[in-house]
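This report refers to the structure that appears directly beneath it.
Just so you know, these numbers use all the heavy atoms, side chains as well, and skip hydrogens, waters and symmetry mates. Note that ligands are numbered from 1 as they come in the structure, with each ligand's atoms numbered from 1 the same way.
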Amino acid sequence: MPSRIVISEDLWVNLPEGFGNGRTVVYDPSLVGDRQRLLRLGPDTEALIVRNQTRVDEELLENFPNLRIVGRLGVGLDNIDLTACQRRGIPVVSARGFNANAVAEYVMACLLQHVRPLFRWNEAVRRGAWDRMAAMGEEVYGKTLGLIGIGDIGQRVATRARAMGLTVVAYDPFILPSHSVVRDVGVALISLDDLLRSSHFVSVHVPLTDTTRHLLNGPALAKMREDSVLINTSRGGIVDEDALAEVLVNFPTRFAYLDVRSTEPPGPDDRLRSLDNVCLTPHIAGITVESSHEVAWFVLTQVMEQLEGRKAMGIVP
Ligand code: NAD
């Protein structure tokens, strides 16, 4: 009887004592970088828990003939071939919503840091400067935030931004005008073109799919305001990075906060790294002490529920 649980990426919390209820648990984050070793563990494995780097594709599934569940420590599913899993009747559990607050607060940090760059003035004061004019900031109050995608994360960003007095507009063809984010929070649903043209801040919250890949290409980026700020916490592939680099070089008044990249980590010839009007972080928008505990707790619990014969919650439809 197969009785192994494999965790191929970092949990970012300690593995709870007794996890697995007697099954063998292989918790080895180095497996993500050693595909062949991971595949060799396949035959006796009934649960595989991954983050966003392990490719769960046809090849892997063929090597895991007894797999009964896949747990995804996070939200984006672009590393998992859902169709292949469904064909084999293998449910995928994701931690949907459990790191949404973390990403929403990261976006708010970008907004506030952009208009009030405290650390820059802190450095100036430590150097002996006391230039109050030079340190004059702006306000986000009254500015427009455009959200591309208004699901779990977009909605939380919208609530927080509305509380700070921003006008919030959104492009999401799957959200109805009857949704509470429109009716109660006051978000206006508009076209992507209108959003790009009117927003001071544009924040991306769509999954990476065939339709969203390079959604923000050269022509789309060209529609944005000359003082606009792009925030991407979604997936790097949604933005054409070459086109973005071009725009940022040509318009030094524009700015981009990029938590995610098309290749992670980016290579040494990464052009965006050399630009002053870019802020780069290593895919950490969703990672906080709180979210790491909640994501791990939820996925580990639901994987066990499924293995013990009870239906897991959070199965991707
Ligand atoms: P979600 O599924 O709740 O929301 C996504 C929204 O995008 C949905 O409302 C959907 O209707 C909309 N959408 C889909 N296709 C679209 C399109 N072509 N145009 C416009 N809207 C479209 O997902 P979420 O929890 O809000 O997460 C969004 C993404 O954020 C995830 O897919 C993941 O890639 C990314 N993410 C990143 C981090 C991080 O640490 N940087 C953490 C969590 C999630």
**Study point:** Reference residue Val204; test side-chain contact (heavy atoms from CB on, under 4.5 Å); the match among Leu216, Leu215, Thr212
**Key:** Leu216
Study note, to complete from the structure: Only one of Asn232, Thr281, Asp270 passes side chain to side chain donor-acceptor pair (under 3.5 Å) with Arg261, and that residue is Asp270
Check your understanding: Is the number of heavy atoms from other residues, nucleotides or ligands under 6.0 Å of Arg132 CZ greater than 12?
Key -> no
Check your understanding: So, the side chain of Arg96 versus the backbone of Val316: is there a donor-acceptor pair under 3.5 Å, distance only?
Key -> no
Review point. Does the side chain of Glu226 come under 3.5 Å of the side chain of Thr253 through a donor N or O and an acceptor N or O?
Key: no
May I have every N or O pair linking ligand 1 to the protein at under 3.5 Å, one per line with atom names and distance?
from	atom 1	to	atom 2	distance (Å)
ligand 1	3 (O)	Arg96	NH2	3.0
ligand 1	3 (O)	Asp152	N	2.8
ligand 1	9 (O)	Gly151	N	3.4
ligand 1	9 (O)	Asp172	OD2	2.6
ligand 1	11 (O)	Asp172	OD1	2.8
ligand 1	11 (O)	Asp172	OD2	3.2
ligand 1	26 (O)	Asp152	N	3.4
ligand 1	26 (O)	Ile153	N	2.9
ligand 1	34 (O)	Ser234	O	3.4
ligand 1	34 (O)	Arg235	NH1	3.3
ligand 1	40 (O)	Gly286	N	2.8
ligand 1	41 (N)	Thr233	O	2.9
ligand 1	41 (N)	Asp259	OD2	2.9

Practice item. Can you establish whether the number of heavy atoms outside Asn14 located under 6.0 Å from its atom CG is more than 12? Key: no
